[in-house]
Undergrad: 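I'd like to ask you about the structure that follows.
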Amino acid sequence: MLLRTRQEIPSSEITSQSVMREFQRNRRQFLAGLGTMAGAAMLPRTMFAATKLNASPTKYNLGDITPQSKVTSYNNFIEFGPDKSDPERNAQSMHVRPWTIQVDGLVKQKKTIDIDTLMKLRPIEQRVYRFRCVEGWSMVVPWDGFSLGEFLKTLDPLPSAKFVQFFTLHDPKQMPGVNSSGVGPQGYSEGLRMDEAMHPLTLMTFGSYGETLANQQGAPIRIIVPWKYGFKSPKSIVRIRFVDKQPETTWNDLNAPAYGFYSNVNPSVAPWRSQERERVLGSGFLPKIVGTQPFNGYGNEVAHLYAGMDLRVNY
Ligand SMILES: Nc1nc2c(c(=O)[nH]1)N[C@H]1C(S)=C(S)[C@@H](COP(=O)(O)O)O[C@H]1N2
Ligand SMILES: [Mo]
């Protein structure tokens, strides 16, 4: 398995992390040499488990991989405090073992799954994804996990299940910011339509950069939905529920006009601020600003999910 816990990695060994650094250094030459190939497709099999997507990664304009140190020190995890540096400081005491995920709602059989069992269900792949926060920043991260749909299929949801709901751990003893965060006692919750949850790009995520997730990133398990704004990617999940109606979600409850249920990345809709441009995290002293792409650049893969919907209304 590619993924290691952070303590387990001997510094002498070539980890995918150092491969990644090398990759970053060589990326431009590499790209020049390989024409238009970009992203995960160009990584030889010996470096990472292959990305099994029908989509051709050449269509993604991924940009450079964001430095891991930036990705683990500039976080949104409101249960640990409101500032970007709070989660790194405050999340270290969160207990990520033992950890179970409760599965309930419209499913053949309700159950509770242990995280270590879940991680062995499928081979863990590394996917390099763009990630865009509605606050206007973006990053490019190699996430480690497998398609959420592969897991959901094993649960036999009932035909009446039309949406999936996710809940984050809610433990005021471990989460110093949770009581003042506006997150209710059921925990941070998010939801996806069934077809969005089943889409092969939607990643059940256990790690990044070849290591298990840092607590501030949502250890030991989170969801990554790369074509939606970051708040649709819930962290530290303890419960998955299948439901028949569009579920309530934390941010939509707090401020519905600003945080739509769909929240697909859309540069032409400005619910509370312009989404036309984004600041590339870790891009240097003078930050790089680039244009935001519809569906965060994944339109070829996901636009069909929204055929016939007015995305200026259903944002
Ligand atoms: N439980 C929980 N999940 C969460 C959040 C949160 O505050 N709590 N913030 C969301 C937002 S707004 C973003 S942008 C991403 C940030 O993920 P990162 O810190 O790994 O970059 O996590 C999302 N998932
Ligand atoms: Mo965000």
Side-chain angles (χ1 to χ4, degrees), residues 65-92 94 96 99 101 127 129-145 165-172 174-192 202-209 211-240 249-255 258-260 263-266 271-273 275 278-282 292 296:
I65 304 282
T66 308
Q68 185 181 11
S69 57
K70 190 77 194 176
V71 172
T72 55
S73 62
Y74 189 91
N75 299 98
N76 274 340
F77 200 159
I78 201 166
E79 295 91 324
F80 291 102
D83 295 333
K84 301 289 175 245
S85 57
D86 288 338
E88 183 184 27
R89 187 171 42 244
N90 297 333
Q92 301 317 319
M94 177 170 62
V96 298
W99 190 279
I101 295 163
R127 311 256 189 96
Y129 282 163
R130 297 173 47 80
F131 188 86
R132 170 69 157 76
C133 173
V134 72
E135 292 166 352
W137 48 268
S138 70
M139 56 192 193
V140 177
V141 178
W143 299 108
D144 301 272
Q165 218 177 349
F166 308 96
F167 297 91
T168 295
L169 175 73
H170 179 274
D171 183 356
Q174 298 190 65
M175 298 171 141
V178 74
N179 286 333
S180 51
S181 68
V183 172
Q186 63 174 5
Y188 185 104
S189 73
E190 256 310 331
L192 296 171
T202 303
L203 196 69
M204 176 152 244
T205 308
F206 306 102
S208 66
Y209 302 84
E211 297 179 4
T212 48
L213 289 170
N215 287 1
Q216 62 270 28
Q217 291 178 289
I221 180 178
R222 73 180 299 183
I223 305 294
I224 295 290
V225 193
W227 70 93
K228 293 180 181 284
Y229 293 117
F231 67 89
K232 297 291 296 184
S233 291
K235 298 180 167 186
S236 303
I237 292 168
V238 293
R239 181 180 177 201
I240 296 178
T249 62
T250 295
W251 287 106
N252 190 256
D253 284 352
L254 292 173
N255 188 347
Y259 303 96
S263 284
N264 295 314
V265 174
N266 188 345
W272 55 276
R273 56 171 287 164
Q275 298 297 333
E278 62 201 55
R279 178 170 53 91
V280 179
L281 280 194
T292 290
N296 207 22

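Counting from 1, the numbers follow the sequence of the chain as shown. One-based numbering, in listed order, for ligands and for the atoms of each. From a predicted model like this one, the values you see are computed outputs, not experimental measurements.
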Undergrad: Which of the numbered atoms in ligand 1 are under 4.0 angstrom from any heavy atom belonging to C133?
TA: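 Going through ligand 1 atom by atom, the ones under 4.0 Å from C133 are 14 (S).
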Undergrad: Polar contacts were defined as any N/O atom of the residue lying under 3.5 Å from an N/O atom of the ligand; does this apply to W251 and ligand 1?
TA: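 No; the residue has no nitrogen or oxygen that sits under 3.5 Å from a nitrogen or oxygen of the ligand.
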Undergrad: Please identify which atoms of ligand 1 are closer than 4.0 Å to at least one heavy atom of N75.
TA: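 Matching atoms, with element in brackets: 18 (P), 19 (O), 20 (O).
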Undergrad: Who gets closest to atom 23 (C) of ligand 1 by heavy atom: G230, S236, G218, S208?
TA: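 Closest candidate by heavy-atom distance is G230.
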Undergrad: Report the distance from atom OG of S236 to atom CG of N215, rounding to the nearest 0.5 Å.
TA: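 Nearest 0.5 Å value for the OG-CG distance: 7.0 Å.
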Undergrad: For a side chain to side chain donor-acceptor pair (under 3.5 Å) with E190, tell me which candidate from Q165, K232, K235 qualifies.
TA: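 Among Q165, K232, K235, the one that satisfies the side chain to side chain donor-acceptor pair (under 3.5 Å) with E190 is K232.
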Undergrad: Report yes if some N/O of K235 lies less than 3.5 Å from some N/O of ligand 1; otherwise report no.
TA: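 It does: an N or O of K235 is found under 3.5 Å from an N or O of ligand 1.
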Undergrad: Counting from 1, what ligand 1 atoms have a heavy atom of I78 closer than 4.0 Å?
TA: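 Listed by number with element, the hits are 6 (C), 7 (O).
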Undergrad: May I ask you to decide if Q68's main-chain N or O and T72's side chain share a donor-acceptor pair within less than 3.5 Å?
TA: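 Checked: pair present.
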Undergrad: Would you say K70 and M139 make side-chain contact, with heavy atoms under 4.5 Å?
TA: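 SC-SC contact between K70 and M139 ruled out.
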Undergrad: Would a distance-only check, ignoring hydrogens and angles, find a side-chain to backbone donor-acceptor pair under 3.5 Å from N252 to Y259?
TA: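 A pair under 3.5 Å: yes.
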Undergrad: Specify the protein heavy atom at minimum distance from atom 9 (N) of ligand 1: its residue, its atom name, and the distance to 0.1 Å.
TA: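 I find the closest protein heavy atom is N76 O, 3.2 Å.
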Undergrad: Can you tell me if N75 and K84 form a side-chain donor-acceptor pair at under 3.5 Å?
TA: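 Judged by distance alone, the side chains do not pair up.
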Undergrad: Does only the side chain of E135 get under 4.0 Å from ligand 1, or the backbone, or both, or neither? Count heavy atoms.
TA: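 Under 4.0 Å from ligand 1, E135 contributes no heavy atoms.
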Undergrad: Looking at E79, which atoms of ligand 1 are within less than 4.0 Å of one of its heavy atoms?
TA: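 The list of qualifying atoms is 1 (N), 2 (C), 6 (C), 7 (O), 8 (N).
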Undergrad: For a salt bridge (charged side-chain N to carboxylate O under 4.0 Å, His left out) check, start with the C-alpha distance between R130 and E278, then their side-chain angles and the critical distance, and finish with the verdict.
TA: CA-CA 12 Å; R130 297 173 47 80; E278 62 201 55; 2.6 Å; yes
Undergrad: Considering only heavy atoms of M139, which atoms of ligand 1 have at least one such atom less than 4.0 Å away?
TA: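 This gives 21 (O) as the contact atoms.
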Undergrad: For atom 24 (N) of ligand 1, grab the closest protein heavy atom and report residue, atom and distance to one decimal in Å.
TA: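 Protein heavy atom at minimum distance: S233 O, 2.9 Å.
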Undergrad: What's the separation between atom OG in S180 and atom CD1 in I78, rounded to the nearest 0.5 Å?
TA: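 The CD1 atom of I78 is 8.0 Å from OG of S180, to the nearest 0.5 Å.
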Undergrad: Determine whether a donor-acceptor pair (N or O, by modelled atom type, separation under 3.5 Å) exists between the side chain of Y129 and the backbone of W227.
TA: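 It does not hold such a pair.
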Undergrad: Donor-acceptor check, side chain of Q275 to backbone of V134, threshold 3.5 angstrom: yes or no?
TA: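 Yes; judged by distance alone, with no hydrogens or angles, the pair exists.
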Undergrad: Tell me which part of Y188 gets within contact of ligand 1: side chain, backbone, both or neither, using heavy atoms under 4.0 Å.
TA: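 The answer is the side chain.
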Undergrad: Of all the atoms in ligand 1, which lie at a distance below 4.0 Å from a heavy atom belonging to T168?
TA: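 Listed by number with element, the hits are 1 (N).
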Undergrad: Closest by any non-hydrogen atom to atom 20 (O) of ligand 1: pick that one out of R222, Q217, K84, Q216.
TA: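 Checking each option, the heavy atom nearest atom 20 (O) of ligand 1 is found in R222.
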Undergrad: Ignoring angles and geometry beyond distance, decide whether W137 reaches within less than 3.5 Å of ligand 1 through its nitrogen or oxygen atoms.
TA: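 No: no nitrogen or oxygen of W137 is under 3.5 Å from one in ligand 1.
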